[in-house]
Protein chains: 2
Amino acid sequence: MKKHTVRKKYTFAVLAVDVVLFTVIDDTLHTLLIKMKKKPFEGSWALPGGLVKPNEAPNDAAKRILKEKAGISNVYVEQLYTFGKVNRDPFGRVVSVAYIGLVPVSSVRPKTTKEYEDIAWVPAGELRSFAYDHAEIISTAVTRLQGKLTYTNIISHLLPDTFTLGELQDVYEIILKKKLDKRNFRKKILSLHIITKTKGRTSGGAHRPAALYRFSSKKPEIVEIL
Amino acid sequence: MKKHTVRKKYTFAVLAVDVVLFTVIDDTLHTLLIKMKKKPFEGSWALPGGLVKPNEAPNDAAKRILKEKAGISNVYVEQLYTFGKVNRDPFGRVVSVAYIGLVPVSSVRPKTTKEYEDIAWVPAGELRSFAYDHAEIISTAVTRLQGKLTYTNIISHLLPDTFTLGELQDVYEIILKKKLDKRNFRKKILSLHIITKTKGRTSGGAHRPAALYRFSSKKPEIVEIL
DNA sequence: CCAAAAGTGTTCAGACTACACCCATGT
DNA sequence: ACATGGGTGTAGTCTGAACACTTTTGG
């Protein structure tokens with residue numbers, strides 16, 4: 001049986017990826033969205049996404065699309081869920097493997113292209129007109145992100161290389177949408193040994209300088225955090 | 001733009017589903033596997049799986065395949081992960097959406113068909129020669145199942161309608177591969193109010209009869225269990 | 001000297017762990 | 001009578017929650 005025999009005989013689906021890229025800006029969780037030009041979704045916002053190439057793994061497609069559409073590389077991405085309802089795309093049968101991506105705020109430089117009207121960081125949870133089933137994908141992604149914050153170390157990918165304990169706590173509070181006690185938070189985080197103190201300190205704020213920390217490892221790990 | 005325009009232009013992938021169907025038999029976690037006849041995997045074991053139809057959601061395809069290949073309906077299924085490495089299938093580019101399925105042991109009646117050499121419940125973790133990347137899919141599924149046991153009520157789908165606390169504890173111990181303290185386990189489970197006592201009792205064993213319980217709800221819920 | 005974030009300990013309550021014996025039934 | 005799983009309570013430890021003041025810097 002030749003490689004393309006099956007391909008020709010059974011082909012039916014277009015496989016796409018969509019990425020929910022998160023970052024934290026101004027004390028708010030944001031996702032990267034694209035404002036569309038094409039009908040029937042002109043003016044609607046969509047996740048950066050695109051078709052998977054014949055010789056490309058979906059994982060690689062997710063990274064490629066972030067690079068192409070937003071000029072962002074070196075991103076942490078993980079698979080979220082595969083959305084395959086029959087009529088989710090008015091153009092035909094498209095099944096989309098959705099990914100979550102995380103970037104620290106500094107490393108971000110979305111670029112607009114002629115293909116789209118606009119590309120922008122939009123506060124997660126903000127009401128918009130979304131293309132396709134992207135509202136559902138985003139809300140699934142937010143829920144997953146909240147869940148994983150509490151039992152893994154993925155938050156590391158939302159922070160710059162070094163950060164203060166206050167900044168770390170802020171990110172938790174923003175995403176989990178609840179206040180945490182400062183002393184308890186510090187005790188807990190430090191007891192886990194997932195971050196280490198560096199020699200650096202902040203300076204420049206009109207307040208006492210803070211110690212800078214770094215994640216001991218950014219490898220995905222299961223750690224009971226909160 | 002017509003519906004099939006995109007389809008024709010960009011088609012490349014065959015979309016399949018594979019199901020890791022779990023049950024507990026004789027104090028061991030088992031998965032349903034099929035022994036293949038076709039080259040290059042003759043004699044290897046594979047997950048029940050098949051192609052998604054053009055007008056079928058992957059979810060529905062998973063249920064259909066269990067029905068067709070094993071004569072099993074009314075199964076709880078949930079999406080596991082999508083496996084899309086370029087060369088995972090020697091016949092061509094096939095992307096597989098993998099599902100976890102759970103059935104209580106009683107409701108099980110796999111049927112062999114002419115298409116396959118054999119279909120059987122095989123102890124999870126047993127060494128076999130697996131077709132495709134199915135070894136990887138199974139091990140991902142086992143890990144996920146273990147994780148979800150500890151923070152959801154999905155174990156309900158592995159038990160018959162009524163069951164004793166001893167049987168419930170057994171299933172936890174089998175899947176999590178660790179002993180639990182009987183008194184602590186009962187205290188914890190009962191305090192969660194996810195099961196209710198029925199009026200029934202067991203009979204027939206050479207021992208004291210046990211109270212029968214039932215899950216208050218089998219809807220997926222997040223509950224911190226262990 | 002004032003504003004702003006950093007840093008630091010103790011007490012209390014609830015949850016989890018370890019642990020051993022009697023009970024009801026069938027053979 | 002004995003073998004088998006069912007059923008029950010308590011004490012000690014650990015973890016999580018609540019809570020307020022001093023420190024260091026820039027402006």
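To find a chain, count down the sequence lines: A is the first, B the second, and so on, and within it residues start at 1.
The structure places CZ of A:F215 at 10.5 Å from CD1 of A:I154, a figure rounded to the nearest 0.5 Å.
Atoms NZ (A:K178) and C1' (D:dA17) sit 12 Å apart, rounded to a whole Å. Distance CD1 (A:I225) to C1' (D:dG16): 16 Å, rounded to an integer number of Å. In this structure, CG of B:L212 is placed 12 Å from C1' of D:dG6, rounded to the nearest angstrom. Atom CG in A:L226 sits roughly 16 Å away from atom P in D:dT15 (whole-Å rounding). A:L168 has its CG atom 17 Å from the P atom of C:dA5, to the nearest Å. In this entry the distance linking CD of B:E167 with C1' of D:dG6 reads 12 Å, nearest Å. Put simply, NZ on A:K179 is 15 Å from P on D:dC19, counting in whole angstrom units. One interatomic measurement links the two molecules: CG of A:L165 to P of C:dA4, which rounds to 21 Å at whole-angstrom precision.
Taking every heavy atom of both residues into account, B:T152 and B:I225 meet most closely at O-CD1, 3.1 Å.
A salt bridge links A:K148 with A:E78; the closest basic N to acidic carboxylate O contact falls under 4.0 Å.
No donor-acceptor pair closer than 3.5 Å links the side chain of B:D118 to the backbone N or O of B:K35. With A:Q79 contributing its side chain and A:N59 its backbone, the two residues share no donor-acceptor pair below 3.5 Å. Of the possible donor and acceptor atoms, none in the side chain of B:H157 sits under 3.5 Å from a partner among the backbone N and O of B:V75.
For the segment residues 180-190 of chain B, residues with any heavy atom less than 4.0 angstrom from an atom of DNA chain D are, sorted by number, B:K182, B:R183, B:R186, B:K187.
By the 4.5 Å heavy-atom criterion applied to side chains, A:L212 and A:T202 are counted as neighbours. For the pair A:I155 and A:L168, the minimum side-chain heavy-atom distance is below 4.5 Å.
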Quick one, A:Y81 with A:F83, criterion ring pair (Phe, Tyr, Trp, His ring centres under 6.0 Å). Give me CA distance, side-chain angles, the key distance, then yes/no. CA-CA 6 Å; A:Y81 195 81; A:F83 294 83; 5.2 Å; yes

Do any N or O atoms of the protein come closer than 3.5 Å to N or O atoms of nucleotides 23-27 of chain C, and which pairs are they?
from	atom 1	to	atom 2	distance (Å)
C:dC23	O4'	B:R208	NH1	3.3
C:dA24	N3	B:R208	N	2.9
C:dT25	O2	B:A206	O	3.4
C:dT25	O2	B:H207	N	3.0
C:dG26	O4'	B:G205	O	3.4

